[in-house]
Structure formats: C-alpha cells, structure tokens
Amino acid sequence: MSEQLNSEDIIVRDDGFHPLDVRAELILAPDTAPEELVDHLHRDLIGIDFPAFSDGRGFTLARRLRELGYQGRLRATGRLIADQYAMARRVGFDEVQVAADIAARQPQDQWVARSDWRDFDHRANLAS
C-alpha cells in the first residue's frame with residue numbers, strides 16, 4: 001500500500017518537527033507477517049502503520065526489520081503520541097509521521113523532550 005502525501009502531516013525527528021516532503025515506498029500494516037519482511041529489505045524508505053496509539057505491533061516489526069539488516073529509513077506512521085517517541089527510536093525507527101491534530105495537541109517541545117531516547121536504553125544499561 002502506498003502512503004498518501006498529506007501536506008498537513010508532520011515528520012518528527014530528534015531535532016523537532018519537519019514538513020512531510022517524501023512518501024514512503026511502502027507502508028506495512030501492523031499485522032504484516034514477519035516472514036514477509038525479507039521481501040522489503042532493498043527499499044529506501046518503509047513506513048509502518050500504527051492505526052491506534054494502543055496498537056504496538058509496529059514496534060515489533062521495526063525491531064525485526066533492523067535485525068534482518070534493513071539499512072534504509074524507517075518511519076512510524078499513524079496515531080503515535082509523544083510518549084511513544086523514545087520507544088519508536090529505540091526499536092529502529094528514524095522518524096515518526098503524525099497528523100496535524102496530534103501535532104497540535106502535542107507540540108514540538110513534547111516530542112523533543114523525548115529525544116534523549118539513548119539515555120534510557122535499558123538493554124544497553126544491562127550490558128554494561
């Protein structure tokens with residue numbers, strides 16, 4: 001499924017909000033079978049859909065793509081909230097695409113406040 005380019009959507013990265021300027025080559029549904037992921041490792045930009053902030057299956061797909069060696073840009077799309085940004089970054093997402101209504105309710109400073117995601121990498125802390 002290809003992503004609709006909505007000029008009101010916002011891309012969130014560690015340094016704040018950015019305009020949506022490029023669409024993902026593919027948007028994976030949260031129920032995508034893990035064995036299908038290897039078919040997409042060649043793509044430059046993959047999105048993973050989060051139809052609701054309470055649906056965390058996309059986090060597992062992102063982690064699995066990275067474990068399989070995916071090197072491209074990985075974008076979470078849909079209904080994520082600022083509180084989930086650090087988790088999204090830890091599992092391998094490079095950015096989050098949010099709708100204008102979410103960005104209005106949770107402005108840039110709330111997202112940037114969670115951009116210190118590396119400081120709370122519990123797996124790395126356990127390894128040291």
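Not measured: the values here are computed from a predicted model.
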Note to self: Treating Q106 as the side-chain partner and A82 as the backbone partner, does any N or O pair qualify as donor plus acceptor under 3.5 Å?
What the structure shows: yes
Check: Within the side chain of D94, is there an N or O that forms a donor-acceptor pair under 3.5 Å with the backbone of L74?
Finding: yes
Next item on the list: I would like to know whether W111 and V96 meet side-chain contact (heavy atoms from CB on, under 4.5 Å); could you show each step before the answer?
Entry: CA-CA 10 Å; W111 294 84; V96 174; 4.2 Å; yes
Next item on the list: Could you tell me the separation between the CD atom of E35 and the CZ atom of R64, rounded to the nearest 0.5 Å?
Entry: 10.0 Å
Next item on the list: Can you see which heavy atom on R75 is nearest to which on V22, and at what distance?
Entry: NH1-O, 3.0 Å
Item checked: Heavy-atom closest pair, residues L41 and Y70 -> O-CD1, 3.6 Å
Note to self: Between Y85 (side chain only) and A113 (backbone N and O only), is there a donor and an acceptor less than 3.5 Å apart?
What the structure shows: no
Next item on the list: Decide, yes or no, whether a salt bridge links R114 with D83 under the criterion of side-chain N to carboxylate O below 4.0 Å.
Entry: yes
Note to self: Show the nearest heavy-atom pair for residues A103 and I10, with the distance to one decimal.
What the structure shows: CB-CG1, 3.8 Å
Item checked: Full working for side-chain contact (heavy atoms from CB on, under 4.5 Å) between I48 and L65 -> CA-CA 11 Å; I48 298 178; L65 272 168; 4.0 Å; yes
Item checked: Shortest non-hydrogen contact from L45 toward E95 -> CD1-OE2, 4.3 Å
Next item on the list: Determine the minimum heavy-atom distance between L61 and T32, stating which atoms define it.
Entry: CD2-O, 3.6 Å
Notebook entry, point to check: For F53, does its backbone N or O pair with a side-chain atom of Q84 as donor and acceptor, under 3.5 Å?
Noted result: yes
Notebook entry, point to check: Taking a hydrophobic cluster as the set of Ile, Leu, Val, Met, Phe, Trp and Tyr residues connected by side-chain heavy atoms closer than 4.5 Å, whether directly or through intermediates, do L37 and I46 fall within one such cluster?
Noted result: yes
Note to self: Once rounded to the nearest 0.5 Å, what's the spacing between atom CG of D44 and atom CG of L26?
What the structure shows: 12.0 Å
Next item on the list: Go through the structure and list residues passing side-chain contact (heavy atoms from CB on, under 4.5 Å) with V91, not counting sequence neighbours.
Entry: F59, A62, R63, M87, F93
Check: Do F50 and F17 sit in the same hydrophobic cluster, where Ile, Leu, Val, Met, Phe, Trp and Tyr count as joined when their side-chain heavy atoms come under 4.5 Å apart?
Finding: yes
Note to self: Donor-acceptor check, side chain of Q97 to backbone of D9, threshold 3.5 angstrom: yes or no?
What the structure shows: no
Margin query: If I take atom CD1 from residue I27 and atom CD from residue E25, how far apart are they, to the nearest 0.5 angstrom?
Written below: 10.5 Å
Check: Nearest 0.5 Å, what's the CZ-CZ distance between R90 and R66?
Finding: 15.5 Å
Item checked: Contact summary for A100 and E8, nearest pair of heavy atoms -> CB-O, 3.4 Å
